[in-house]
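Nothing here was measured: the structure is a model prediction, and the numbers come from that model. Lettering of chains follows the sequences in order, A, B, ..., and the numbering in each one begins at 1.
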Protein chains: 2
Amino acid sequence: MPTIKDIARKVGVSPSVVSRALNNKYGVKESTRQAVLRAAKELGYHPNVAARSLVTKRTEMIGVIIPDISEPFYSRMIKGMEYVASKTGYTLLFSNSYESLEQSKAVVKMVEAQRVEGLIIVGSSLKERDYIYSLIDKGTPFVVIERHYSDPRMNCIWVDNVVGGYVATKHLIQCGHTRVAHISGDLDVEVAAERLKGYKKALDEAGIPFSPDLVVSGAFVWQDGYHGMKALLSRTPRCTAVFAGNDSMAYGALQAIAEAGLSVPQDISVIGFDDLEFSSLTNPPLTTVRQPRYEMGRDAARLLVTCLEQSTQDKGMKICYPPEIVIRRSTSVYDSTDRTHA
Amino acid sequence: MPTIKDIARKVGVSPSVVSRALNNKYGVKESTRQAVLRAAKELGYHPNVAARSLVTKRTEMIGVIIPDISEPFYSRMIKGMEYVASKTGYTLLFSNSYESLEQSKAVVKMVEAQRVEGLIIVGSSLKERDYIYSLIDKGTPFVVIERHYSDPRMNCIWVDNVVGGYVATKHLIQCGHTRVAHISGDLDVEVAAERLKGYKKALDEAGIPFSPDLVVSGAFVWQDGYHGMKALLSRTPRCTAVFAGNDSMAYGALQAIAEAGLSVPQDISVIGFDDLEFSSLTNPPLTTVRQPRYEMGRDAARLLVTCLEQSTQDKGMKICYPPEIVIRRSTSVYDSTDRTHA
DNA sequence: AAGAATATCACAATCGTTTGTGAAACAAAC
DNA sequence: GTTTGTTTCACAAACGATTGTGATATTCTT
C-alpha cells in the first residue's frame, strides 16, 4: 500500500509537500499540486488514518451507545445518524447496551480505548448518571437521546411523552370514549411514567375520573401488551378504548382482542405509540403516536458534529419534538347503540 | 491521557519495558511487570490504538457491507456478528449498500482507507463480482453471506433456497392443496429464482403441472406481495394456497386476502420465507421457512476471525444451512367440501 | 540592478507504540 | 576468578502521516 513517501519519490518532492498538496494547504505551487494529485491517483494512494490521527489527535469517529441495534425502534434512529455521518466524513462505532450496567463500561471503552471524539447515547438509564458527568468533566462532547436532563451543559433530544400520552388519550376521548384503558410500560422507566401522566391529564381535562382498574403495566414488549389486554378484558364494565404504551404492546393487545372474539375498532379502539414501520401493516392498521426517530438520530448526529467542529461545547442544546398522532383504522368513534355490552 | 512514557517515568524503567510488560512478553522481571501493571491502572492508561496499529499494521477491525442495517432481516445477522466480535476483540464497521452500485465503493473505502482487516459481505450483487476478485488478489480475507460462489478460494455462507422453496411448496401440497400459487421476488435476484426452482420441483414431484398463471413476481416488499395477491385472487380457478417469496410479501398477501373477505387458512393457506420476528405476531401467525440469520452472522464472523488469526486463507469454506419450516397457523389442510368456489 | 518581499520547497521533529539489538547485571560453571 | 550463559533492561529505529522553521528560488519594488 503506497505511502506519502512513494508519491514524493515519484513526483520528486519531499513528503511534506505531498502532505500539503493532498490537504489543499497553502504554500505549494499549483503545478506540483496537480502532479502530486495525479501521482496519488496513479498509485492508488489512501492516507493511513492511524498515522494521521496519531499526529492530529483526531479519529473522526463517533461512538453510539444504543440499547439494541436490531430493534426496529432504534435502527431507524441509526439510519438518521448514518445519513449525517456519511455526509460529514465521520465513522460511527456502535455499542449495544443490552444491560444498562454495560453502559458505563461501553462509554469508557469507547472514549478511552477507541478514542471516539464524541458520543451519542440513546436511552441512558437513570441510575448511571455519574458516568455522564465524568464525560462532562473530561470535556468529551455528547448528546443524549430519549432522556432530558435539566443540566444546561447537556445536549438532549427527546419527544415530549407527557404530551404524547395526552394526545393519544384525547384522541380516544374525542371519539366519544369514556372508558379508556391504558397498558403502560414499566413505570420505573421514565417514558412510561410520562405517558401515564399525559393519559391522566387528558382524562382530567375531560372530567373523566381516573380509575386504577383501567390501567395495567408491564415491560414494553408484545407479551405484556397481550396479557395486559387480557386482564383488561376480564374487568367490567369493559373499556371501549385502550392506549398502549408502545406499538409492540399494541400488537399484543390487538391479538388478545381478536382472540376474545372482539373486533377493532368496532368493539374496542386501540392506539399505540412510536409508529414502527410495521404499524401500518397490522390488521387493522394501527393508529399511533409517531416519534420522529429518523429525525432524532439525524439531529443528534448533526448537533454532535457541530460541537466537534467548533470544539466550543458552550451550553447544551435541548431539542424536544412534538409527538404527532397518526390516525389509521384501529380507532373509531364510539357508538353505544351498535353493540351489546358485557 | 497518559502514555506509555508516563508509566515508564513513574516506574523508573524505559518505555520498551513497559510495552513488553503490558503485552505479557518475555524478558521482563516479574516484579517490574507488576509495578508497571499497577502504575498503568493508577494512571488510567489505555493504549493508543492509532500508534499501535501504525507499527503492528493491524487495526482489529472488520468491515461489514450490508444492504440495510435497519431491516429486521439483516439486523438479526448483525447481532450474530457482534456476538463474536465482542468476544474476540474486533470492532465492527458498517457500511450500508442501499444501492448495489455503492457496494464496490464501500469495499475499497473500507479496505484502503479504513484499513479493515477483513470483510463480511452480505448479499453482494451478481453484477459486481469483479471487485470481489480484486479482494482475493489483494489477499484480504472475506466471507460472503447469502450468495454462493463455486470459486474454491471464497468463503460462502447461505441457506439452500431451492430446498427452501421445495420444502415450503411441499408442505402446502401435503396439506392437500393442488392449486398452489407463488408470489416471487424479482427473478433477477438469485434467491428469488432459486426459490421458484424449488417450488417447481415440488410441484413436479407431486405430478402437479406448473401453471404460469399461478405465479406473479415483484420486489421483495410488502406492496408487491399485496398487489401480487390481488392479481392472483382475480384469476380463476382460484388458488387455495400461496407460497410468498418472503415474509414481507406474505404480510401483503395476508392483507389482500383479508380485504377480499376471505380468511386464512380456511380459504387460502399462506406460507412465507425468512421467519422475521414479526411473523409470529401476524393474524394468523405465519407459517414460514426459517433462515437462521443469527447463526449465519455469527458463523460468518467466526470464520472470518479464524482466517484473520491464522492468516492462511487456504481454501474457502462453504457453509450451507438447511432451511427449516416453522408451522404456525396460516396454513391448514385443504378440505374441498367446506367451501364455495368462485 | 540591487534589495525586499514572497512563494515554494526540504528538513526535522513529533505523535505513541512496537521490536530488534546490544549493554549491563547477575548467576552458573569450570 | 575467568569464562559462559541468562536475565533484565535501555537505546534507537521504525510505522506514516502533519507541521513549524529555515533555506532557496522567484517575483516585485524602486
Side-chain angles (χ1 to χ4, degrees), chain A residues 1-41 43-61 89 91 111-117 311, chain B residues 1-40 43-61 89 91 109 111-117 311:
Chain A
M1 210 155 272
T3 75
I4 219 171
K5 283 183 189 169
D6 298 319
I7 300 178
R9 203 173 312 121
K10 177 157 184 167
V11 178
V13 293
S14 82
S16 58
V17 175
V18 175
S19 172
R20 282 183 245 260
L22 257 23
N23 294 323
N24 285 313
K25 290 212 175 155
Y26 178 80
V28 29
K29 188 160 54 172
E30 189 52 30
S31 62
T32 76
R33 181 192 304 279
Q34 293 303 332
V36 167
L37 259 34
R38 201 177 330 113
K41 179 161 284 186
L43 263 47
Y45 169 81
H46 289 269
N48 182 318
V49 292
R52 170 179 294 170
S53 76
L54 186 55
V55 30
T56 61
K57 298 192 174 311
R58 297 204 51 190
T59 58
E60 307 206 316
M61 295 201 299
T91 300
V111 175
E112 319 271 306
Q114 300 273 19
R115 305 291 217 276
V116 298
E117 295 185 32
S311 79
Chain B
M1 209 155 274
T3 75
I4 220 171
K5 285 184 188 169
D6 297 320
I7 301 179
R9 201 173 312 119
K10 179 159 184 167
V11 178
V13 293
S14 81
S16 59
V17 175
V18 175
S19 172
R20 282 183 245 261
L22 257 23
N23 294 323
N24 284 313
K25 290 213 174 153
Y26 178 80
V28 29
K29 188 161 52 173
E30 189 52 31
S31 63
T32 75
R33 181 193 303 280
Q34 293 303 332
V36 167
L37 259 33
R38 200 175 332 111
L43 263 47
Y45 169 81
H46 288 269
N48 182 319
V49 292
R52 169 179 294 170
S53 75
L54 185 55
V55 30
T56 62
K57 299 191 173 310
R58 298 204 49 190
T59 58
E60 307 207 315
M61 296 200 299
T91 300
K109 196 183 161 198
V111 175
E112 320 271 305
Q114 301 272 21
R115 303 296 218 270
V116 297
E117 295 186 31
S311 81

Pairs under 3.5 Å (N/O, protein and nucleotides 20-27 of chain D):
residue : atom : partner  : partner atom : Å
dG20(D) : O6   : Arg20(A) : NH2          : 2.4

Between Ala40(B) and Leu22(B), the two heavy atoms sitting closest are CB-CD1, 4.3 Å
| field | Validation row: Asn48(A), Thr3(A) side chains within 4.5 angstrom (heavy atoms) | value | no
Whole-Å distance, Leu43(B) CG to dG16(C) P, equals 14 Å
- Distance test, side-chain N/O of Tyr26(A) to OP1/OP2 of dT8(C), below 4.0 Å: no
Here the distance between atom C1' of dC9(C) and atom CD of Glu30(A), to the nearest Å, is 15 Å
Taking every heavy atom of Ser14(B) against every heavy atom of Ala8(B), the minimum-distance pair comes out as C-CB, 3.8 Å
Here the distance between atom C1' of dG16(D) and atom CG of Asp6(A), to the nearest Å, is 10 Å
Rounded to whole Å, the CZ-C1' distance (Arg52(A) to dC15(D)) equals 16 Å
Whole-Å distance, Gln34(B) CD to dT8(D) P, equals 13 Å
Using a cut-off of less than 4.0 Å, is there contact between a side-chain N or O of Thr32(A) and OP1 or OP2 of dC9(C)? yes
- Query: Does dC15(C) have OP1 or OP2 sitting under 4.0 Å from an N or O in the side chain of Asn48(B)?
  - Reply: no
Taken to the nearest whole Å, CG/Leu22(B) to C1'/dT19(C) is 15 Å
Q. Under 4.0 Å between a side-chain N/O of Thr3(A) and OP1 or OP2 of dG16(D), yes or no?
A. no
Answer with base, sugar-phosphate or nothing: what part of the nucleic acid does Ser19(B) contact at a heavy-atom distance below 4.0 Å? base
Rounded to whole Å, the CZ-P distance (Arg33(B) to dC9(D)) equals 10 Å
Counting only heavy atoms not in Lys10(A), do more than 12 fall under 6.0 Å of its NZ?
-> yes
Residue pair Ala50(B)/Lys25(B) against DNA chain C: nearer the 5' end by closest nucleotide is Ala50(B)
Among dT18(D), dG16(D), dA10(D), the one nearest any side-chain atom of Ala51(A) is dG16(D)
Whole-Å distance, Lys5(B) NZ to dG16(C) P, equals 7 Å
Correct closest heavy-atom pair for Asn23(B) and Arg52(B) would be OD1-NH2, 4.0 Å
Taking C-beta and beyond as the side chain, do Val11(A) and Arg38(A) meet within less than 4.5 Å on heavy atoms? no
Taken to the nearest 0.5 Å, the spacing of Arg115(A) CZ from Met61(A) CE works out to 10.0 Å
N/O (side chain, Tyr45(B)) to phosphate O (OP1/OP2, dG16(C)) under 4.0 Å = no
On DNA chain D, more 5' by nearest nucleotide between Val17(A) and Met1(A) is Met1(A)
Under a 4.0 Å heavy-atom cutoff, the residues of residues 53-60 of chain B touching DNA chain D are Leu54(B), Val55(B), Lys57(B)
All heavy atoms of Val18(A) vs all of Val36(A), minimum pair found to be CG1-CG1, 3.9 Å
Note: Ile7(B) and Tyr45(B) closest approach over all heavy atoms is CD1-CG, 3.6 Å
